[in-house]
4 protein chains.
Amino acid sequence: MLIIALVDDSFIKGRISVEGGKRARMRALTRQKILQTALALFAERGYFGTTIDLISKRCRISKGLIYHYFTNKQDILVAVLEEGLRAGYDLLKGLEDIPDPFQQFAVMIERSFDEMLRNEAYWRLYFHVLLQPGVLELFAQRLTAFYQESIQYFVLLFRRMNVTNAEIEARLLTAMLDGLGLHYFLVGRDFPLAAVKNAIIQRYSRPLDGNVDR
Amino acid sequence: MLIIALVDDSFIKGRISVEGGKRARMRALTRQKILQTALALFAERGYFGTTIDLISKRCRISKGLIYHYFTNKQDILVAVLEEGLRAGYDLLKGLEDIPDPFQQFAVMIERSFDEMLRNEAYWRLYFHVLLQPGVLELFAQRLTAFYQESIQYFVLLFRRMNVTNAEIEARLLTAMLDGLGLHYFLVGRDFPLAAVKNAIIQRYSRPLDGNVDR
Amino acid sequence: MLIIALVDDSFIKGRISVEGGKRARMRALTRQKILQTALALFAERGYFGTTIDLISKRCRISKGLIYHYFTNKQDILVAVLEEGLRAGYDLLKGLEDIPDPFQQFAVMIERSFDEMLRNEAYWRLYFHVLLQPGVLELFAQRLTAFYQESIQYFVLLFRRMNVTNAEIEARLLTAMLDGLGLHYFLVGRDFPLAAVKNAIIQRYSRPLDGNVDR
Amino acid sequence: MLIIALVDDSFIKGRISVEGGKRARMRALTRQKILQTALALFAERGYFGTTIDLISKRCRISKGLIYHYFTNKQDILVAVLEEGLRAGYDLLKGLEDIPDPFQQFAVMIERSFDEMLRNEAYWRLYFHVLLQPGVLELFAQRLTAFYQESIQYFVLLFRRMNVTNAEIEARLLTAMLDGLGLHYFLVGRDFPLAAVKNAIIQRYSRPLDGNVDR
DNA sequence: TATGAATGAGCCTTCATTCAT
DNA sequence: CATGAATGAAGGCTCATTCAT
């Protein structure tokens, strides 16, 4: 769960800018409420299944007011995606404090799976929405940047773990994580997530055993 | 690229039933034309971006006729997904003829990457559409069945390759393949597909070295 | 239940013209089958809720064939109404054999209520369809003729029963009968039909008591 | 003309709520305009013959706006029927001020016939629409309630008029009134309404003669 | 006689967006 | 800043009717 930003109900709330007058604070507050509601609705009903009217009603504000904060429905989507990305960065950053690379790796994987389970609906949304023709373009740069940063993170980590071919390995791992999320979403509930997670941690764990045991 | 069925412009064309009278043949022909056009348009513009009117115009048939062949716009989508699934099965089946499991594995991976490149737009569609809230339900059973079969295929193959923990390994591999497709689509063109592909083949190749070299 | 023709499942079947060759007989047969089916469907789903396609499928004939027998959907409707009218005439005619006018009257009322209960759906259809703007015009003459004849029947009967002002009385009675049907349909099942029926028979029965007892 | 609510062009106009701000007043105004137009069009062309487009054009508003006030085309219909019912209640209420029951009865009958003539098109609509399969269900409760109330009114009146068997008698009378309306609509213009009306008044008038004179 | 594929006009409904208040 | 009435383009879908076979 790397490329796709991890979102939960709280991550938007906490970010209200405190600077500025009362006016500005109110404005930021309303904006965040819209974003939060849109996020929940997009996740719940899809982008096309969510109407501006529905968002406004759930926010208990008027439809017109939404257009004071966002120019477009699409604009809301982009903002939502951006917030998600920020949450994704958070996920990465928190890990740097763990000194042992193997342990850090294990925690990263654990956290990744945890987030996937907690915010399943958001994941679906992100995958779904970014694969929509025309949407990716709006967001490609930032997404790519985040992807690069994630890869970089694992490259550095893998080097400390003495994994050879660290870059390719990083790409494979992140792909595997997102792919597992995808499959978990698509093939349903009886997916052996715990076993899979442990296998991943095992594979990269000290001492340097092969990933595929024979 | 396993879960998501692989589709290209030709695979539908070839399946026109030859039995039956002229009527039945015509009917099948029209149906296939609709499916084919819908597939292309869905891939090109997304499911919601594609209108029935557009499909009918591209097919040079009347709007109403489409509803002689499909009950719904959604019904067309499901049919498209089904066709894709069939192509997915085809992909698997062809491989059984290769006697050496390691070579078979390599071919499978190669083919998988090839298909991904050839039908990129369809891949996007499949991911996109299946992640749409409400759509998965229409298709969940068949998709799960196909997933199970894919896993089973790799389990058997891995056993012949003396890979321990074959089931988990199969899940990891298929996830990795789909995840790579996803990342390739999302982060753009400069993705080192060839290198990644080779690394995968390498990892599972004889002699039994570990997957992660240190 | 006088103005509105009384219809049951059998009344059309029995009327296939026996003259003519095999061809003509087949033709009449198909025509009757269409009419019968249309009648049932109109009653069940209303005129607008019934499609030509549905009629053809229930008849197990093609859509096109219907247009060999009827020029229009409307044409079918008119034919159905005509058949109903014929049944209405039948209802009246059968009564003339009863010599005692009071008994004849009682039987007529009984039969009228019986029919209403047996063919409720058809009744609804007739009322419904004839009140549709534009439909009545197609059928007005025949309906008026039938109404006149019904009135005439009661006028003659009432005269034999020594009812003064027989014509007005006939109009009131037939209106009452149809009105009761209407109310029965509209206000539901707990309508005291039996009591009402008996009251009517009572009112016109020998010896000449007043209709409204004080 | 009791069960079926009596409606004319004016009764909706008069009910615009005066409370509330300008917004609310405007809203009520538009709603009434839609209802009024729909009523006229339904009566004129039938429910199915009336399109939303037509209603909106006659109202000089956009098609979409109609759906701000009503969820459905059917919803408009129900609202129209409700208004009609209200008019029906009004018809009953006004009568209570007349002290002499016989005179009250006569006025009631007169008024009933008057209304029938004034709003013939609406009557047709009501009969027509309520007999449409599936429509009655939407409205059954309210209609039944009104019917019961009408019956109750006549029961009380008849008791004061010393009519025995007042309940049955009330059912017969209301049925007769609606039946006469139906016949008047169906068999055309030369129906002797005045004579029929007088006969009814006569029948229930003091002194206590029998209804059927011999 | 019989079929059913094909048409196309038209219907109900949705919804992002605007704007007067 | 805030409202929500109003717009209008467009979309999915229906269905009576036609016609080549």
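Within every chain, numbering begins at 1; the chains are lettered A, B, ... in the order of the sequence lines, protein sequences first and strands thereafter. Note: hydrogens, waters and symmetry copies are ignored here, and every other heavy atom, side chains too, is used.
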Check this one for me: any side-chain N or O of Asn72(B) less than 4.0 Å away from OP1 or OP2 of dC13(F)? yes
Looking at Tyr69(A), I'd like to know if the NZ or CZ of Lys33(A) sits under 6.0 Å from its six-membered ring centre while staying within 45 degrees of the ring's axis. no
Nearest-Å distance, CZ (Phe70(D)) to C1' (dC12(E))? 16 Å
Rounded distance in Å - CG (Asp53(C)) to P (dT18(F)): 16 Å
dT21(E) -> Watson-Crick or G-U wobble partner, both distances under 3.5 Å, gives dA2(F)
Integer-rounded Å distance: dA10(F) P and Leu54(B) CG: 13 Å
Protein-nucleotide distance (Ile66(C), atom CD1; dT18(F), atom P), rounded to Å: 14 Å
Between the CD1 atom in Ile66(C) and the OG1 atom in Thr71(C), the distance rounded to the nearest 0.5 Å is 12.5 Å
Please work out if Thr71(C) contacts a base, only the sugar-phosphate, or nothing of the nucleic acid, heavy-atom cut-off 4.0 Å. nothing
Separation of atom CZ in Arg45(A) from atom P in dT14(E), rounded to whole Å: 12 Å
Which pair of non-hydrogen atoms, one from Lys73(D) and one from Phe42(D), has the smallest distance, and what is that distance? CE-CE2, 4.4 Å
The answer to which of Ser62(D) and Met26(A) contacts DNA chain F further toward the 5' end, by nearest nucleotide, is Met26(A)
Under 3.5 Å, side chain of Thr50(A) to main-chain N/O of Leu41(A), donor-acceptor pair present? yes
Comparing Tyr47(A) and Arg27(B) on DNA chain E - which has the more 5′ nearest nucleotide: Arg27(B)
Is there a Watson-Crick or G-U wobble partner for dC12(E) with both distances under 3.5 Å, and if so, which one is it? dG11(F)
DNA chain E: Ile52(D) or Leu65(D), which has the more 5' nearest nucleotide? Ile52(D)
To the nearest angstrom, the CZ-C1' distance between Arg31(A) and dC1(F) comes to 17 Å
Does His68(B) reach the side chain of Ile34(B), with side-chain heavy atoms less than 4.5 Å apart? no
Value in whole Å for how far the C1' atom of dT1(E) lies from CZ of Arg25(C): 17 Å
With a 4.0 Å cut-off on heavy atoms, is Thr50(B) in touch with a base, just the backbone sugar-phosphate, or nothing at all? sugar-phosphate
On DNA chain F, nearest-nucleotide positions of Gln74(C) versus His68(D): which is more 5'? His68(D)
Rounded to whole angstrom units, what separation is found between the NZ atom of Lys57(A) and the C1' atom of dA2(F)? 16 Å
Is a donor-acceptor contact shorter than 3.5 angstrom present between the side chain of Lys63(C) and the base of dT3(E)? no
Would you say a side-chain N or O of Thr30(D) is under 4.0 Å from OP1 or OP2 of dA5(F)? no
Any Tyr67(D) side-chain nitrogen or oxygen under 4.0 Å from OP1 or OP2 of dT14(E): no
State whether the number of non-hydrogen atoms from other residues, nucleotides or ligands found under 6.0 Å of Gln141(A) atom CD is greater than 12. no
If you look at every strand shown and take non-hydrogen atoms under 4.0 Å, does Tyr69(B) touch a base, only sugar-phosphate, or nothing? sugar-phosphate
